[in-house]
Amino acid sequence: MTKVTIIGAGSVGSTIAYTLAVGGTVSEIVMLDINGEKALGEALDIRQGTPFCPPVSIYAGSYRDTVDSDIVILTSGVARKPGQSRLDLAQTNVNILKSIIPEITAYAPDATYIIVSNPVDVLTYVFNKVSDIPENRIIGSGTILDTSRLRSCISEYYNINQRNVHAYVFGEHGDTSFVPWSLANISNVPIDDYPSVISNKNNLYPPLKHDDVEAYVRKSGGRVIQRKGATFYAVALSVCHICKCLINGMDTTMTVSTMMHGEYGVEDVCLSTLNIVGRNGLRGKILSPLTDEEVALLHKSADSLKDVINGLDI
């Protein structure tokens, strides 16, 4: 039996609830929102379809209903508007998070917390500093979505299954993110060598332009928002993947945002590198060998986030 609380019943929170229910990942879902009627409506809409899903109880409730939650997912906050950066949202969403933390942690002190609201790295940092929850149970969704976008782009380019693509996005979930190309491979073949090792020479691929791919990843969210007003399907799938790994107990590596303690020379900031996630939350970091240039890019991302944090009232 696994109980998940989702705070925020907007497009992201509701899609996460729907995806969890359909996937049969959890047995109980509590939805909370400052707009109680919205949470009631979303929960009812999903619940009325659950006869076609694995057994699950889903309902809207109050903080009191979150008691014994195994996972709490925070999606509440002001959504990003077209042309607005994630960091523009910082102080407003920090204030919202600070008002939520004492309420939810009083009832769910033993839960693992997944921060999804933007700017996710800043809010993950604030959650670490303001709450009494141990660091290993505070996970920012970070660049797990960026990494998914990267892998989907590369898999389309080479017409290969996404599961065979191993590449990551490190740093901020935002403009200073970067791809450590030294780690990128397809089935253990370095990404730039892949075309040369294919025996069928009818499959000809021009060189993969790293800058173009990184630009695509960084701008993907903004392009979706420009076209449909919000992003929620891909991020919901990403968050549900984190939930599955927390529930199943099999340690899994993923790029989520966590507090740094000197790894790669980066300290006192939350950003994404490779982490091990399992039943008890964060199980540790993988210190992948990066080039000097990649380490410098990680420091640039950390410094950008620290500049924002230093300007906030935490």
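Computed over heavy atoms, backbone and side chain alike; hydrogens, waters and symmetry mates excluded.
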Determine whether a donor-acceptor pair (N or O, by modelled atom type, separation under 3.5 Å) exists between the side chain of [X] and the backbone of [Y].
| X | Y | answer |
| --- | --- | --- |
| Ser27 | Thr2 | yes |
| Asp33 | Ala39 | no |
| Gln91 | Asp313 | yes |
| Thr75 | Val116 | no |
| Lys300 | Thr176 | no |
| Arg223 | Tyr216 | no |
| Thr252 | Met250 | yes |
| His299 | Tyr264 | yes |
| Thr15 | Ala236 | no |
| Ser69 | Ala111 | no |

If you look at every heavy atom in [X] and [Y], which pair is closest and at what distance?
| X | Y | answer |
| --- | --- | --- |
| Ser257 | Ser272 | N-OG, 3.4 Å |
| Asn128 | Cys270 | ND2-SG, 3.8 Å |
| Ser288 | Leu183 | CB-CD1, 3.7 Å |
| Ile247 | Arg279 | O-NH1, 3.0 Å |
| Pro206 | Tyr157 | O-OH, 2.7 Å |
| Arg47 | Ile58 | NH1-O, 2.9 Å |

Flag for Thr258-Asn275: side-chain donor and acceptor within less than 3.5 Å: yes

Thr255 versus Thr147, side-chain donor and acceptor atoms under 3.5 Å: yes

Student check: side-chain heavy atoms of [X] and [Y] closer than 4.5 Å:
| X | Y | result |
| --- | --- | --- |
| Glu263 | His261 | yes |
| Val78 | Ile96 | yes |
| Lys98 | Val126 | yes |
| Asp70 | Thr112 | no |
| Lys209 | Val213 | no |
| Tyr158 | Leu208 | yes |

Is it true that, when you exclude [X] itself, more than 12 heavy atoms of the residues, nucleotides or ligands shown sit nearer than 6.0 Å to its [atom1]?
| X | atom1 | value |
| --- | --- | --- |
| Phe232 | CZ | yes |
| Asp292 | CG | no |
| Asn310 | CG | yes |
| Lys244 | NZ | no |
| Asn161 | CG | yes |
| Asp307 | CG | yes |
| Tyr233 | OH | no |

For Tyr194, the option from Ile191, Ile198, Asp192 that meets side-chain contact (heavy atoms from CB on, under 4.5 Å): Ile198

side-chain contact (heavy atoms from CB on, under 4.5 Å) partner of Ile29, chosen from Ile46, Val56, Ile73, Ile16: Val56

Check against side chain to side chain donor-acceptor pair (under 3.5 Å), Asp146 and Tyr168: CA-CA 8 Å; Asp146 308 75; Tyr168 311 96; over 6 Å; no

Step-by-step side-chain contact (heavy atoms from CB on, under 4.5 Å) determination, Ile100 to Tyr63: CA-CA 10 Å; Ile100 291 171; Tyr63 285 110; 3.7 Å; yes

Trace of the salt bridge (Lys or Arg N to Asp or Glu O under 4.0 Å) decision for Lys129 with Asp268: CA-CA 10 Å; Lys129 294 297 183 181; Asp268 196 37; 3.0 Å; yes

In terms of hydrophobic clusters joined by side-chain contacts under 4.5 Å, are [X] and [Y] together?
| X | Y | answer |
| --- | --- | --- |
| Val22 | Val26 | yes |
| Met259 | Val72 | yes |
| Ile242 | Tyr113 | no |
| Val30 | Ile71 | no |
| Leu287 | Leu298 | yes |

Asp251/Arg283 salt bridge by N-O under 4.0 Å criterion: yes

Charged N-O contact under 4.0 Å between Lys3 and Asp65: no

side-chain contact (heavy atoms from CB on, under 4.5 Å) between Thr105 and Asp132, worked out: CA-CA 8 Å; Thr105 56; Asp132 293 325; over 6 Å; no

Trp181 and its side-chain hydrogen bond (donor to acceptor under 3.5 Å, both in side chains) partner, picked from Glu294, Glu214, Glu293: Glu214

Just how far is it from atom [atom1] of [X] to atom [atom2] of [Y], taken to the nearest 0.5 Å?
| X | Y | atom1 | atom2 | answer |
| --- | --- | --- | --- | --- |
| Glu103 | Ser62 | CD | OG | 10.0 Å |
| Cys243 | Leu20 | SG | CG | 5.0 Å |
| Leu123 | Asn118 | CG | CG | 7.5 Å |
| Met254 | Ser238 | CE | OG | 10.0 Å |
| Leu274 | Thr143 | CG | OG1 | 8.5 Å |
| Ile7 | Ile104 | CD1 | CD1 | 4.0 Å |

Criterion side-chain contact (heavy atoms from CB on, under 4.5 Å) on Ser14 and Met31, from CA distance to verdict: CA-CA 8 Å; Ser14 299; Met31 299 185 70; 3.9 Å; yes

Pair Thr5-Tyr107, side-chain contact (heavy atoms from CB on, under 4.5 Å): steps then yes or no: CA-CA 11 Å; Thr5 289; Tyr107 289 103; over 6 Å; no

